[in-house]
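Reading through the structure tokens given below for one structure.
Throughout, a chain's letter reflects where its sequence line sits, starting with A, and its residues are numbered from 1. All values below were derived from every heavy atom in this structure, side-chain atoms included, with hydrogens, water molecules and symmetry-related copies excluded. If you're wondering where the values come from, they're calculated on a predicted model, not measured in any experiment.
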Amino acid sequence: MKKSKLNKEEILHLAKLSNLTLTNDEIEKYRKQLEETVEYVENLNELDTRKVEPTSQTTNLTDVFFKDGVENKRGLSQNEAMKNAKNKKNDYFVVKRIM
Amino acid sequence: MFKPVIGLEIHAELKSKSKMFCQCSADYFGKKQNSNTCPVCLGLPGALPVPNKKAVEWAQLIGKALNCRLNRNSKFDRKHYFYPDLPKGYQISQYDEPLCSQGYVEINQKKFRIHRVHLEEDTGKLIHSGVDTLVDFNRSGVPLVEIVTEPDFDNAEDVKRFLEELHTIIRYLGVSDADMEKGSMRMEPNISLRAIENGEEKRQQFELPAYKVEVKNINSFRFVKQAIEYEIERQKEILERKETPAQETRGFDEKKQITYSQRSKEEAHDYRYFPEPDIPPMTFSREYPDSIKVPELPAQKMKRYMAEWKIKEQDALVLTRDINTADFFEMVISKCKVPSSKQIPNPNQSIANLIINKKIATTMPVEEFAAKAMELLQPKKTDEKALYILINQLIKTNPKVAEDYKKGKTNAVMFLVGQVMREMKGQADAKIVREQLENELKKR
Ligand SMILES: [Zn+2]
């Protein structure tokens, strides 16, 4: 079954939402790949799920919380936090001005 | 004719000890940039967010105080958008199963409906400088409660009063500083105008206009009012030209008191919400909402002051605007034993006056304040003999006043009352002084 057809505009919209710049070749490449992915997921439509409760997670857990309180074990120092940043200045992360 | 349709979104940062989904400190204020993070709030791959129980309870407390239904089932969702203040590329928020829904706030017998109250995480802070935008993630992940109203407002004044009441309520609950200067409470009105033909109002009442203008991040009640008033005029002008205002996000320029288009913020409002797979859903028992205890709220306190202590309405309002003032007042009342008398028919009202008029500094400890108040409210003991001598002396030295009084200018006596009070350095009861003076004057 081949129902889902993705067009170029949809790929460009998704690229924009993800802040990606695509070449013409890439647009066609991702259009095909994404189409295949969507088609694959559509296989699920063949299952009869009328009696299955919708769920959004698979662990069967509910109500997992922590008790309010500061715990620094996993905290990162300023140095650690900034370590892998490509662009930084005075211990700030830097991006091209957005406003 | 046009009628404004206004709804509100309000964000309040919770003052929990730790952040929403990790145990970094939620108190980021004044800390060195990027020194208050961990893999979770920095959005590093593989980090697992776990919700803060207290933040959930406090969001529900706010919801309950706003007369909302606390939902038995609730979950978190991912809201996707691309912005440098958001390290993960999505914000953990709530979409179709918020913690609380369908409440209301009543102000002057008018009900303003609350659509929902939900929980999310705050973003990092951006500083625009030269060609750069600098990012500090210390605030990233601080619990943020979002309160959304129905579009029930049709004027800026109601909006201002609603926001003031909401601010007071949140401060009473003790769950947020709601400090607008520091940005821990932020307000976003959305405004549009509905065309009304004569008699057509009823039919169109439930239809919302085809566009909506959102004004972002305003940090004072006065500015919200100004922004709304400006928008109403701006949109009216466009509509009168038979055009439709653009659906957009606008900022507010405090100096010029105008709103301006912020196109960069609205590139693509396609948030692609989906359930946060890393956080199991939340469930609450039928009895659970009873365990969330709402303290006495400002409106109830005000009513109680008027009913129980016979405080004047305006004064009860002033005393209840700030929880600290209200607490102070109540503690002073409990410590002051002042009998009511002819001079002081309602000691409670007199204490209220002392606080409101700042007759005694309210910065001192309650005990000290109460002692001073009792001293001030003590019926004045009048030295009758000294008073008699003084009065006769003054009448003698002011023959003109005595004459005026005899001619029927009874107000002339007030001059002598003033003189007596001054001579006796306030150690006399003005009422008695006046009685005595009039007695003596009549004898002449
Ligand atoms: Zn953290």
Query raised in the report: Stepwise, does the side chain to side chain contact (heavy atoms under 4.5 Å, CB included) test hold for B/His80 with A/Leu17?
Result: CA-CA 9 Å; B/His80 299 82; A/Leu17 291 174; over 6 Å; no

**Report entry** Best-contacting candidate, B/Gly130, B/Ser129, B/Ala55, B/Ser74, against chain A by heavy atom pairs under 4.5 angstrom
**Finding:** B/Gly130

Report task. Would you check if the side chain of B/Thr133 reaches a backbone N or O of A/Ile98 as a donor-acceptor pair within less than 3.5 Å? Result -> yes

Query raised in the report: Checking heavy atoms, do the side chain of B/Cys41, its backbone, both or neither come under 4.5 Å from chain A?
Result: neither

**Report entry** Options B/Gly89, B/Ala26, B/Cys38, ranked by heavy-atom pairs under 4.5 Å with chain A, top entry
**Finding:** B/Cys38

Report summary line: One should read off an interatomic distance between A/Asp68 CG and B/Ser18 OG, to the nearest 0.5 angstrom, of 4.0 Å

Query raised in the report: Looking at B/Cys24, B/Pro277, B/Pro39, which one has more heavy-atom pairs under 4.5 Å with chain A than the rest?
Result: B/Pro39

Query raised in the report: If you round to the nearest 0.5 Å, how far is CZ of A/Arg97 from CG of B/Leu134?
Result: 9.5 Å

**Report entry** Contact class of B/Lys19 relative to chain A, heavy atoms under 4.5 angstrom
**Finding:** backbone

Requested in this report: Indicate whether any N or O donor in one side chain lies under 3.5 Å from an N or O acceptor in the other, for B/Asn34 and A/Asp91.
Outcome: no

Report summary line: Looking only at A/Ala81, A/Gly69, A/Ser77, A/Gly75, the option with the highest number of non-hydrogen pairs under 4.5 Å against chain B is A/Gly69

**Report entry** Cationic N near anionic O, under 4.0 Å, A/Lys96 to B/Asp132
**Finding:** no

Query raised in the report: In terms of heavy-atom proximity below 4.5 Å to chain B, should A/Gln57 be classed as side chain, backbone, both, or neither?
Result: side chain

Query raised in the report: Side chain, backbone, both or neither: which part of B/Val131 has a heavy atom under 4.5 Å from chain A?
Result: backbone

Report task. Sort B/Phe274 into side chain, backbone, both or neither according to what part of it lies under 4.5 angstrom from a heavy atom of chain A. Result -> neither

Report summary line: Checked A/Lys88, A/Glu80, A/Lys73, A/Arg74 vs chain B; the most non-hydrogen pairs under 4.5 Å come from A/Arg74

**Report entry** Closest non-hydrogen atom pair, A/Val70 against B/Ser25
**Finding:** CG2-CA, 3.8 Å

**Report entry** A/Gln78 backbone acceptor or donor facing B/Gln33 side chain under 3.5 Å
**Finding:** no

Query raised in the report: At what distance, to the nearest 0.5 angstrom, does CZ of A/Phe66 lie from CE of B/Met20?
Result: 7.0 Å

Query - Spacing of A/Phe65 atom CZ and B/Ile279 atom CD1 [to the nearest 0.5 Å] - result: 9.5 Å

Query raised in the report: Atom NZ in B/Lys53, atom NZ in A/Lys67: separation rounded to 0.5 Å?
Result: 11.5 Å

**Report entry** Rounded distance [0.5 Å steps], NZ in A/Lys16 versus CG in B/Asp270
**Finding:** 10.5 Å

**Report entry** Audit row: A/Leu76, B/Leu44, side chain to side chain contact (heavy atoms under 4.5 Å, CB included) steps and yes/no
**Finding:** CA-CA 12 Å; A/Leu76 299 172; B/Leu44 300 187; 4.3 Å; yes

Query raised in the report: Hey, is the main chain of B/Thr283 close enough, under 3.5 Å, to the side chain of A/Asp63 for a donor-acceptor pair?
Result: yes

Query raised in the report: Where is the tightest heavy-atom contact between A/Leu61 and B/Pro280, given as atom of each residue plus distance?
Result: O-CB, 3.3 Å

